Amino acid sequence: MENREIVRLLTETADLMEIAGEDGFRIRSYRNAAAVIEGYPEQMGAILASPERKVTEIPGIGKGIAAVLEEIAQRGSFERRDEMLARFPGSLLELLKIQGLGPKSISLLYQHHGVKDIDGLERLCREQKLRELPRMGAKLEEKVLRSIESYRKRAGRFLLSYGHHAAAEIMGELRNLPGVERVEAAGSLRRGKETIGDLDILVSGPDLAGDGAAPILEHVIKLPKVEEVLGQGANKASVKYGFEGLQVDVRALASDSFGAALQYFTGSKEHNVTLRTNALKRGLTLNEYGLFTVEGGQRVAGENEADVYAKLGLPWIPPELRENSGELEAAAAGRLPGLIRPEDIRGDLHMHTTETDGKATLREMAEAAAALGYQYIAITDHSKALAMANGLDEQRVVEFARHVRELNRDGLPLRVFSGLECDILRDGAMDLAEDALAELDWVIASVHSHMNLDESEMTDRLARAVSSPNIRILGHPTGRMLLHREPFPFRFDEIASLAAARGVLFEINASPERLDLNGAMARTARAKGCRFAISTDAHHPSHLENMTYGVSTARRGWLEAADVVNTLPLADFEAFLQRRR
DNA sequence: GCCGTTTTCGGCCCGACTGTTTTCAGTCG
């Protein structure tokens with residue numbers, strides 16, 4: 001069993017143990033073990049199978065968890081999990097995603113009213129029975145109902161990163177099959193959208209038009225992670241993939257229609273509608289099999305996507321732009337942007353270490369970043385307002401800055417800048433004194449608390465932060481957590497104008513849970529003259545690889561390398577830092 | 001349940017907010 005699934009079993013059990021009211025420290029051990037395994041470079045299964053290795057050598061895994069891992073490897077579950085599932089239905093886990101309810105309340109609701117899923121919870125709130133329970137009232141009922149609504153809105157969607165991993169697995173399988181020429185993921189995944197609803201995978205080969213596709217589709221429905229087969233025809237198989245039930249559609253195609261199909265299934269729907277309308281004006285008709293003349297039905301293009309666009313008088317349009325938001329006009333006028341590419345990135349400017357809530361040391365992060373070919377990084381641990389993360393106070397910041405200056409003389413694998421992710425306090429003031437911030441090379445200012453202020457208060461708060469003399473950039477500017485928390489409200493145009501005027505950058509946070517700013521806002525900000533940094537907010541060396549999600553978000557925002565400061569070569573970036581704003 | 005040891009058990013991150021209370025439990029980050 002893969003690490004990711006082990007992590008899921010441990011986390012799920014920890015959640016149920018919380019509902020059961022078990023010892024918090026034991027629960028934390030389960031969660032900690034899950035976190036360690038999630039970031040571990042080797043498969044637990046491989047270590048368990050090796051006679052000279054012991055999983056207990058991994059910090060955070062002791063005798064208890066080792067036994068659990070052993071049991072999982074043997075039968076796919078473990079005793080405590082089974083015991084929990086016998087006491088509580090697994091559907092209770094979904095209730096934890098409703099804001100305002102925690103394990104204690106869920107346990108109470110289950111015991112008193114038999115509430116075991118979202119529908120039951122909604123009914124209870126509507127009947128105003130929630131308020132009859134101790135310490136619950138009308139306000140909570142309202143909050144829960146609101147939270148259910150927003151939960152339903154996003155249900156069934158998946159993070160881009162999740163889609164990427166699933167697609168990589170499936171495509172890896174398909175590429176090795178006989179008769180397969182090309183494999184490509186289309187849909188919102190290819191457009192780099194922040195969340196995806198399902199996965200569209202296209203497979204082509206010379207003989208895959210008719211019955212030739214059968215063995216490939218047969219292989220798809222037998223993949224080990226397929227939970228349910230939703231449908232299977234001559235050219236398409238549709239399955240639920242993985243525990244989370246991601247719908248995956250695999251389409252087999254003849255080689256000569258691959259490009260047209262890729263175009264068609266990449267979308268967006270709006271982009272395609274406009275494109276087809278334009279085609280008709282040229283006497284052409286476009287569908288998933290190719291581009292044809294209206295009269296006579298002659299094939300004009302189809303094998304390659306670029307040819308489809310070319311025959312419509314357009315340059316190839318990068319998938320990230322295909323939202324019918326001006327890209328077709330820009331393409332027709334020869335004014336498509338030269339979008340930033342992953343290989344343009346020269347450094348990562350937001351990451352955490354064991355000084356606060358990161359999982360690796362400065363040196364480990366530096367080595368991982370150097371291995372990615374970067375020239376520089378900034379270490380940006382939390383400030384003291386984030387007490388839970390052991391945030392840095394003024395004294396520790398000043399010492400840290402000095403320490404980094406020494407380290408840079410002392411054989412680090414790349415240039416390290418001293419930085420901080422400084423909390424923006426409720427009133428917009430910085431968490432640390434300006435003279436301490438002035439010691440640092442790179443100060444990010446971020447909101448981590450009081451996210452429920454109204455629009456005016458939040459705008460004032462951010463305006464004050466942007467006006468603060470030592471900050472260079474606003475971190476994850478809207479505070480959203482994808483599929484989990486809405487962005488906090490503020491007047492973005494005002495803040496973007498102010499940021500542009502004061503030379504404060506916007507972060508495009510590449511963490512797949514954030515992608516903040518999003519593409520549309522980045523585009524707005526750019527139009528106002530703002531510049532950006534794309535950063536991973538890594539808490540573990542492996543998170544540095546999330547940069548690609550930030551780059552696709554920037555591309556969705558029409559950004560070019562010149563808009564993004566961490567595309568600068570080291571010397572130029574240093575010069576940029578020297579110019580005080 | 002893990003860890004670190006003062007080798008056999010005690011400590012494990014904690015402050016703020018909310019809505020409910022009438023002094024605080026539960027949630028959140």
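Quick note on labels: first sequence line is chain A, next is B, and so on, each numbered from 1. Because the structure is predicted, anything quoted here is derived from the model rather than measured. FYI, side chains are in, hydrogens and waters are out, and symmetry mates aren't considered; it's all heavy atoms of this structure.
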Please state how far atom [atom1] in [X] lies from atom [atom2] in [N], giving the value in whole angstrom units.
| X | N | atom1 | atom2 | answer |
| --- | --- | --- | --- | --- |
| A:Leu95 | B:dG26 | CG | C1' | 16 Å |
| A:Lys143 | B:dG26 | NZ | P | 15 Å |
| A:Ile27 | B:dG26 | CD1 | P | 13 Å |

Taking for each residue the nucleotide of DNA chain B with the nearest heavy atom, is it A:Lys139 or A:Arg426 whose nucleotide lies nearer the 5' end?
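Its nucleotide being nearer the 5' end, the pick is A:Arg426.
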Residue whose closest nucleotide on DNA chain B lies nearer the 5' end, A:Ala389 versus A:Leu101:
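Result: A:Ala389.
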Selected nucleotide, minimal atom distance to [X] side chain, candidates [options]:
| X | options | value |
| --- | --- | --- |
| A:Arg28 | B:dC12, B:dC2, B:dT18 | B:dC12 |
| A:Ile65 | B:dG29, B:dG19, B:dC2 | B:dC2 |
| A:Lys104 | B:dG26, B:dC28, B:dG1 | B:dG26 |
| A:Arg135 | B:dG1, B:dT20, B:dT18 | B:dT20 |
| A:His450 | B:dC17, B:dG1, B:dC13 | B:dC17 |

I'd like the [atom1] distance from [M] over to [N], given in whole Å.
| N | M | atom1 | answer |
| --- | --- | --- | --- |
| B:dG11 | B:dC17 | P | 30 Å |
| B:dC13 | B:dC3 | P | 13 Å |
| B:dT20 | B:dC28 | P | 15 Å |

Could [X] and [Y] be called an ion pair, given the rule that one side-chain N must be under 4.0 Å from one carboxylate O?
| X | Y | result |
| --- | --- | --- |
| A:Glu127 | A:Arg123 | no |
| A:Arg461 | A:Glu457 | no |
| A:Arg28 | A:Asp23 | no |

Quick one: pull up CD in A:Glu421 and CD1 in A:Ile444 and give me the separation to the nearest 0.5 Å.
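It is 5.5 Å, given to the nearest 0.5 Å.
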Mate of B:dT8 where both pairing distances stay under 3.5 Å, Watson-Crick or G-U:
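Paired with B:dT8, as far as the under-3.5 Å criterion goes, is no nucleotide at all.
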Counting the atoms with a prime plus P, OP1 and OP2 as sugar-phosphate, which does A:Ser449 contact under 4.0 Å by heavy atoms, base, sugar-phosphate, or nothing?
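Here A:Ser449 touches no strand at all.
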